[in-house]
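Chain identifiers are assigned alphabetically (A, B, ...) following the order of the sequence lines, protein sequences preceding nucleic acid strands; residue numbering begins at 1 within each chain.
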Protein chains: 2
Amino acid sequence: MFSLLKPLYHPSVNQITVQGILCALSDPVRVRIFSELAKVTCSMNCSAFLNAKSGPLPKSTLSQHFKILREAGLIRSERKGVELLNFARCEDLQKRFGSMIMEILQAYAKEDKLKANEASATRKPKR
Amino acid sequence: MFSLLKPLYHPSVNQITVQGILCALSDPVRVRIFSELAKVTCSMNCSAFLNAKSGPLPKSTLSQHFKILREAGLIRSERKGVELLNFARCEDLQKRFGSMIMEILQAYAKEDKLKANEASATRKPKR
DNA sequence: TTCTATTGTTCCGTATTATTGAACTAATGG
DNA sequence: CCATTAGTTCAATAATACGGAACAATAGAA
């Protein structure tokens, strides 16, 4: 049976904008989502982030975040029954932006590591 | 004579965050400002952008944009008499983020070039 | 000094955007 | 059908951005 839901909008490679990418990746929740998707080959549905480490997020909020990521061109979403499968558009992004996206993710990862170190140094000083 | 104005806040290298950088660079006005500053060694005062190509900008708006760039760690501002001299913090940024910032600027530049080509193709089709 | 022009900041009302609970739509399985 | 599940849409509220007007600080002229 044909889907009665309206199709999901995905920009073509050339429609992706730097501004859209940076705006999407300047939000911590979206960065976590995209990092997860970029790190694995497989997909992930939206509700996978309902119970995040930093507190649970309402699903209407998550829905918005996924939409922003999708319309920025960072992820591709496919309907699978009642749920959405989400993939990072790694190849498209590399074609369009070279290593920029990966550098951004690495910068975030490095920053997280720095913060973790500072935190542990505070907890156990002099060691 | 000592300045009566409150000192300008500048984050140290380690206080600069990826999120702050991306947020600052997801605005077209700030990208133009920062690109200009990054491209030249010299400085530039805030009013240099009062009459931009894309329409004049109020100075209260520009003041905000410069503040955001400064507090994100992208630029350094020094008081020189009544005006501010602004510099891109290229070395600090490279130390902290490697080539990420430059890749972002290049992506914007490439995008501008693409748009310019499309526009000229529309104006003079078949040539 | 006092006046004036220049540069940038602050204040504040308005406009835009983000968040999220509640109601809703589709698909799946009994 | 009915219940369940996954996401979306709507609407009220909160947070943020924009920009004009008033202000503050400096430099230079009178």
Side-chain angles (χ1 to χ4, degrees), chain A residues 1-10 17 19-20 22-33 36-37 42-52 54-72 75-87, chain B residues 1-10 17 19-20 22-33 36-37 42-52 54-72 75-87:
Chain A
M1 182 200 179
F2 298 112
S3 173
L4 298 177
L5 288 166
K6 57 177 158 184
L8 299 160
Y9 170 70
H10 291 90
T17 68
Q19 186 180 337
L22 298 194
C23 186
L25 291 183
S26 67
D27 177 275
V29 173
R30 293 193 289 264
V31 170
R32 268 198 306 114
I33 293 172
E36 285 298 313
L37 291 175
C42 61
S43 68
M44 208 165 264
N45 72 7
C46 299
S47 301
F49 297 89
L50 274 178
N51 296 320
S54 41
L57 291 169
K59 55 183 186 167
S60 56
T61 304
L62 282 177
S63 179
Q64 275 305 309
H65 283 316
F66 275 90
K67 184 183 180 189
I68 288 170
L69 287 169
R70 182 167 56 245
E71 302 196 340
I75 66 172
R76 180 170 49 85
S77 309
E78 292 175 9
R79 295 196 196 283
K80 166 82 179 281
V82 77
E83 65 186 330
L84 280 190
L85 301 185
N86 298 287
F87 308 84
Chain B
M1 183 202 179
F2 297 111
S3 173
L4 299 178
L5 289 167
K6 57 175 155 185
L8 299 161
Y9 170 71
H10 291 89
T17 68
Q19 186 181 338
L22 298 194
C23 186
L25 291 183
S26 67
D27 177 275
V29 173
R30 292 193 290 264
V31 171
R32 270 199 304 114
I33 294 172
E36 286 297 313
L37 292 176
C42 61
S43 68
M44 209 165 265
N45 72 8
C46 299
S47 301
F49 296 89
L50 273 178
N51 296 320
S54 42
L57 292 169
K59 54 184 187 166
S60 57
T61 303
L62 281 177
S63 180
Q64 275 306 308
H65 284 316
F66 274 90
K67 185 183 180 189
I68 288 169
L69 287 169
R70 181 167 57 244
E71 302 196 341
I75 66 172
R76 179 170 49 85
S77 308
E78 292 175 9
R79 295 196 196 281
K80 167 80 180 281
V82 78
E83 64 186 330
L84 280 190
L85 300 185
N86 297 288
F87 307 84

Query raised in the report: Please give, in whole Å, the distance from D:dG20 P to B:Leu62 CG?
Result: 12 Å
Query raised in the report: Rounding to a whole Å, what distance do you find between B:Leu69:CG and C:dG8:P?
Result: 14 Å
Requested in this report: Could you check how far CD of A:Glu78 sits from P of D:dA6, rounded to whole Å?
Outcome: 18 Å
Query - pair B:Ile68-B:Asp27: side-chain heavy atoms closer than 4.5 Å - result: no
Requested in this report: Check the distance between D:dT8's C1' and A:Phe66's CZ and give it to me in whole angstrom.
Outcome: 14 Å
Requested in this report: May I ask you to verify if any side-chain N or O of B:Lys59 is less than 4.0 angstrom from the OP1 or OP2 atom of C:dT6?
Outcome: no
Query raised in the report: Within less than 4.0 Å of OP1 or OP2 of D:dT8, is there a side-chain N or O belonging to A:Arg79?
Result: no
**Report entry** Whole-Å gap separating P (C:dT7) and CG (B:Asn86)
**Finding:** 14 Å
Query raised in the report: Can you find a heavy atom in the side chain of A:Tyr9 that is under 4.5 Å from one in the side chain of A:Arg70?
Result: no
Requested in this report: Working to the nearest 0.5 Å, report the span between CG of A:Asn86 and CD of A:Glu36.
Outcome: 12.5 Å
Query raised in the report: Any idea which of D:dT5, D:dG7, C:dT9 is nearest the A:Ser63 side chain?
Result: D:dG7
Query - Minimum heavy-atom distance B:Arg30-B:Ala24, with the two atoms named - result: NE-O, 2.8 Å
Query raised in the report: Atom CG of A:Leu84 and atom P of D:dT5: how far apart are they, to the nearest Å?
Result: 18 Å
Query raised in the report: How does each nucleotide of nucleotides 15-21 of chain C score, in 5' to 3' order, for protein heavy atoms under 4.0 Å: base (B), sugar-phosphate only (S), or none (-)?
Result: ----SBB
Report summary line: Taken to the nearest 0.5 Å, the spacing of B:Leu69 CG from B:Leu62 CG works out to 10.5 Å
Query raised in the report: Considering residues at least two apart in sequence or located in another chain, which fulfil the salt bridge (Lys or Arg N to Asp or Glu O under 4.0 Å) criterion with A:Arg76?
Result: A:Glu78
Query raised in the report: How many Å lie between NZ on A:Lys80 and C1' on D:dT5, as a whole number?
Result: 15 Å
Requested in this report: Rounded off to whole Å, could you give me the NZ-to-C1' distance for the B:Lys67 and D:dC18 pair?
Outcome: 15 Å
Report task. May I ask you to verify if any side-chain N or O of B:Lys6 is less than 4.0 angstrom from the OP1 or OP2 atom of C:dT10? Result -> yes
Query raised in the report: How far does CD1 of B:Ile33 sit from CG of B:Leu57, to the nearest 0.5 angstrom?
Result: 8.0 Å
